[in-house]
Engineer: 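Handing you this structure, nothing more for now.
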Amino acid sequence: MRAVRLSVITAAAAVALTAVTACTQKSGTQDGDRVVGVTAKDDACEVSKKEFPAGHVELAIENKGSKITEVYLLFPDDRIVAERENIGPGIKQKVTAEVKAGDYVIACKPGMKGKGIRQEVKAAGSTAAKRDPKLDAAVAQYRQYVQEQADETLPRVEAFVKAIKAGDLPAAKKAYAISRLGWERTEPVAESFGDIDPKVDVREDGLEDGQKWTGWHRLEKALWKDGKIGAEEKTLAGQLLTDLQNWQKRVGTAEITPTSMANGAKELLDEVAQGKVTGEEDRYAHTDLVDFKGNVEGAQKAYELLKPVASKNDPALAKELDKQFAALEALLDKYRTDKASYEFVSYDKVGKDDRKELSDAVNALAEPLSKLAAAVVK
């Protein structure tokens, strides 16, 4: 699951956030004008400028605090434009995003909790240049891919829900992992679907104050830990299906840009390294490797569609990404006997050393992937 998102993307919001190809250098603007330094501390969030040109903006982040932090570029209503999570003390990161003229907020979250320490900023100007047709095609094809995943997910979820409503514990357990695969593949752009993620994929320890626990993981706990299906679980199963039907309807109007694809893939792999490799995601079912595989496939799809532009602008980066994706895929294949199936080893059977090997492989891929957004907007 990605971090909890608070608001639904609306049509008006889609107008406010522009695709990468509609955001280019304003006449007379220097590259340095587009870099906003963000210094995150335990008790402060300092920005080098409060106004920058609309178009491409780079957040040059440094964590000078003692806690792991997150930095977000937000709309005033808390919808996410771009983010970088899990920034350790002393670490520097760069995030490239696309914005249209308007008001925004930069938020630092020391300890990765709460609403963060905030600074109001503004993107000024409106001049745009023609978009690269290859990036147009990448966004269109990725949207099609996400729609296909949503369409394929619903019948699988219907089978999962049918088993729960019938009180068939073994059948529900069997249907659980594969029902999640399409969702996991689309997580690079999870923020585009507004409040769907926290409804369907939140873990118990990820709940916000006052938030009711719903979705797959609530049902996972009932099936594996509690070992029973009651009236509440049957109701929650129906709600899961309803929420995912809503997700399916939102794909066509979701705000997806080349940089959201690239940044989302990087953030997702960070989440895999920080949470899924540890076994926290499917802590009761131990089907983590199915989620892991889906996440890697979704991130790789985003990269492959952006590759025609990225490989032209930064051939060395594309070569490294090809290498690291192949290495991670080969490593995951060690945990299944049939490469055409999604029957993986139960994750509680994967030892500490093997988990470290997986984590190292994810980190080796995440590092060059963090440069992909900048490469496609050069």
Side-chain angles (χ1 to χ4, degrees), residues 1-2 145-146 148-160 163 168-188 190 200-201 203 216-217 219-221 223-225 244 264-266 268-305 321-366 369:
M1 140 174 199
R2 304 297 298 277
Y145 171 76
V146 173
E148 289 169 354
Q149 296 309 311
D151 294 345
E152 291 173 7
T153 294
L154 287 185
R156 294 168 177 170
V157 173
E158 287 170 354
F160 178 55
D168 190 336
L169 194 68
K173 285 184 174 182
K174 184 176 181 180
Y176 170 77
I178 197 65
S179 76
R180 292 173 49 75
L181 183 60
W183 172 262
E184 295 295 321
R185 285 172 173 161
T186 65
E187 279 208 293
V200 304
D201 200 26
R203 301 190 300 263
W216 273 298
H217 295 302
L219 294 168
E220 176 201 1
K221 183 181 179 183
L223 297 175
W224 273 271
K225 186 177 181 181
L244 289 169
K266 190 288 195 256
L268 180 58
L269 288 185
D270 283 348
E271 180 194 330
V272 170
Q274 294 289 330
K276 295 186 179 182
V277 168
T278 64
E280 296 175 25
E281 180 78 355
D282 297 295
R283 62 191 66 177
Y284 307 112
H286 305 301
T287 54
D288 304 79
L289 287 172
V290 181
D291 287 2
F292 196 149
K293 176 66 172 174
N295 290 161
V296 173
E297 288 178 340
Q300 187 166 16
K301 183 67 173 181
Y303 162 61
E304 290 292 343
L305 292 174
L321 284 168
D322 288 340
K323 173 185 173 182
Q324 296 302 337
F325 268 117
L328 183 53
E329 289 282 5
L331 185 56
L332 283 171
D333 283 342
K334 290 172 50 179
Y335 297 96
R336 58 178 179 174
T337 55
D338 181 1
K339 293 182 181 180
S341 81
Y342 286 85
E343 296 287 336
F344 283 86
V345 171
S346 179
Y347 203 59
D348 57 338
K349 306 299 182 185
V350 178
K352 182 178 179 181
D353 290 345
D354 288 332
R355 292 188 184 196
K356 184 179 185 305
E357 184 181 26
L358 286 166
S359 179
D360 289 345
V362 172
N363 287 328
L365 171 58
L369 199 57

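The analysis underlying the following values was restricted to heavy atoms, covering all of them including side chains, and did not include hydrogens, waters or symmetry mates.
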Engineer: Verify side chain to side chain contact (heavy atoms under 4.5 Å, CB included) between Leu321 and Leu369, making sure each step is shown before the conclusion.
Structural biologist: CA-CA 7 Å; Leu321 284 168; Leu369 199 57; 3.8 Å; yes
Engineer: Got a donor-acceptor contact below 3.5 angstrom from the Asn295 side chain to the Glu184 backbone?
Structural biologist: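 Present.
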Engineer: Do the side chains of Trp183 and Trp216 get nearer than 4.5 Å, heavy atoms only?
Structural biologist: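 The answer is yes; the side chains approach within 4.5 Å.
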Engineer: Begin from the C-alpha positions of His217 and Glu281 and carry the test side chain to side chain contact (heavy atoms under 4.5 Å, CB included) through to its verdict.
Structural biologist: CA-CA 8 Å; His217 295 302; Glu281 180 78 355; 3.4 Å; yes
Engineer: Would you name the heavy atoms of Ala171 and Asp168 that are closest together and state the gap between them?
Structural biologist: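 In this case the closest contact between Ala171 and Asp168 is N-OD1, 3.2 Å.
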Engineer: Nearest 0.5 angstrom please: Phe344 CZ to Thr287 OG1, how far?
Structural biologist: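 It comes to 11.0 Å.
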Engineer: Tell me the closest heavy-atom pair linking Ala265 and Pro188, and the distance in Å.
Structural biologist: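 Looking at all heavy atoms of both residues, the closest pair is N-CB, 3.8 Å.
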Engineer: Counting C-beta onward and ignoring hydrogens, is there a side-chain heavy-atom pair between Val350 and Leu289 closer than 4.5 Å?
Structural biologist: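 A side-chain contact exists here, since the closest heavy-atom pair is under 4.5 Å.
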Engineer: Do Glu280 and Arg203 have side-chain heavy atoms sitting under 4.5 Å apart?
Structural biologist: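 The answer is yes, as the side chains (C-beta and beyond) meet within the 4.5 Å cut-off.
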Engineer: Evaluate Asp354 against Tyr335 for side chain to side chain contact (heavy atoms under 4.5 Å, CB included), listing each step before the verdict.
Structural biologist: CA-CA 10 Å; Asp354 288 332; Tyr335 297 96; 3.2 Å; yes
Engineer: At what distance, to the nearest 0.5 angstrom, does CD1 of Ile178 lie from NZ of Lys174?
Structural biologist: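 Rounded to the nearest 0.5 Å, the CD1-NZ separation comes out at 11.5 Å.
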Engineer: Would you please name every residue forming a side-chain contact (heavy atoms from CB on, under 4.5 Å) with Lys173, sequence neighbours left out?
Structural biologist: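 Result, side-chain contact (heavy atoms from CB on, under 4.5 Å) vs Lys173: Leu169, Leu223, Trp224.
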Engineer: Is there side-chain contact between Thr153 and Leu181, with at least one heavy-atom pair below 4.5 Å?
Structural biologist: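 In short, these two side chains do not touch, never coming nearer than 4.5 Å.
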Engineer: Taking only Lys NZ, Arg NE, NH1 and NH2, and the carboxylate oxygens of Asp or Glu, determine whether Glu343 and Arg336 approach each other closer than 4.0 Å.
Structural biologist: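 Looking at Arg336 together with Glu343, the answer is no, because their closest N to O distance does not fall below 4.0 Å.
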Engineer: May I ask you to test the Leu332-Val296 pair for a side-chain heavy-atom distance under 4.5 Å?
Structural biologist: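 A side-chain contact exists here, since the closest heavy-atom pair is under 4.5 Å.
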Engineer: Counting N and O atoms only, with roles assigned by atom type, does the side chain of Arg185 sit under 3.5 Å from a partner on the main chain of Gln149, one being a donor and the other an acceptor?
Structural biologist: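 No: the side chain of Arg185 does not pair with the backbone of Gln149.
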Engineer: How many angstroms lie between atom CG of Asp288 and atom CZ of Arg283, to the nearest 0.5 angstrom?
Structural biologist: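 Atom-to-atom, Asp288:CG and Arg283:CZ are 9.5 Å apart.
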Engineer: Is Phe325 close to Glu304 at the side-chain level, that is, under 4.5 Å between some pair of heavy atoms?
Structural biologist: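 When only atoms from C-beta onward are counted, Phe325 and Glu304 do not touch, as no gap falls below 4.5 Å.
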Engineer: Return the minimal non-hydrogen interatomic distance between Ala361 and Leu328, and the atom names on each side.
Structural biologist: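 Ala361 and Leu328 have their closest heavy atoms at CB-CD1, 3.7 Å.
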Engineer: Find the distance between NZ (Lys323) and CG (Leu365) and round it off to the nearest 0.5 Å.
Structural biologist: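 Result: 12.0 Å between the selected atoms.
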Engineer: Restricting to side chain to side chain donor-acceptor pair (under 3.5 Å), what partner residues turn up for Lys293, sequence neighbours left out?
Structural biologist: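 So Lys293 forms a side chain to side chain donor-acceptor pair (under 3.5 Å) with Glu329.
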Engineer: Quick test of your reading of the model: are Glu357 and Lys334 salt-bridged, counting only N-O distances below 4.0 Å?
Structural biologist: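 A salt bridge is present here (some side-chain N lies under 4.0 Å from a carboxylate O).
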Engineer: Can you give me the closest heavy-atom contact between Ala273 and Ser359, atom names plus distance?
Structural biologist: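 Scanning both residues, the minimum pair turns out to be O-OG, 4.2 Å.
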Engineer: Mind checking what makes ring pair (Phe, Tyr, Trp, His ring centres under 6.0 Å) contact with Phe292, not counting sequence neighbours?
Structural biologist: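 Partners of Phe292 under the ring pair (Phe, Tyr, Trp, His ring centres under 6.0 Å) test: none.
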Engineer: Assess the residue pair Tyr176 and Leu219 against the criterion (side chain to side chain contact (heavy atoms under 4.5 Å, CB included)); give the C-alpha distance rounded to whole Å, side-chain angles, the decisive distance to 0.1 Å, and a yes or no.
Structural biologist: CA-CA 9 Å; Tyr176 170 77; Leu219 294 168; 5.9 Å; no
Engineer: Atom CD of Gln274 and atom CG of Leu269: how far apart are they, to the nearest 0.5 Å?
Structural biologist: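 Interatomic distance, Gln274 CD to Leu269 CG, rounded to 0.5 Å: 12.0 Å.
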Engineer: So that I can tick it off, tell me whether Lys276 and Asp291 are bridged by a salt bridge, with the cut-off set at under 4.0 angstrom between side-chain N and carboxylate O.
Structural biologist: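 Judged by the 4.0 Å cut-off on N to carboxylate O distance, Asp291 and Lys276 do not form a salt bridge.
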Engineer: Where the side chain of Glu220 meets the backbone of Ala285, is there a donor-acceptor pair that is under 3.5 Å apart?
Structural biologist: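 Yes; at least one donor-acceptor contact below 3.5 Å.
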Engineer: Checking the side chain of Tyr347 only, and the main-chain atoms of Val277 only, is there a donor and an acceptor separated by less than 3.5 Å?
Structural biologist: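 The answer is yes, because a donor-acceptor pair under 3.5 Å joins these two groups.
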Engineer: Look at Asp282 together with Arg180 and state whether they make a salt bridge at an N to O cut-off of under 4.0 Å.
Structural biologist: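 Between Arg180 and Asp282 there is a salt bridge, with a charged N closer than 4.0 Å to a carboxylate O.
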Engineer: Is the count of non-hydrogen atoms from other residues, nucleotides or ligands lying under 6.0 Å from Asp353 atom CG greater than 12?
Structural biologist: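 Atom CG in Asp353 is not packed in, count stays at 12 or less.
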Engineer: What's the separation between atom NE2 in His286 and atom OG in Ser346, rounded to the nearest 0.5 Å?
Structural biologist: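 Rounded to the nearest 0.5 Å, the NE2-OG separation comes to 5.5 Å.
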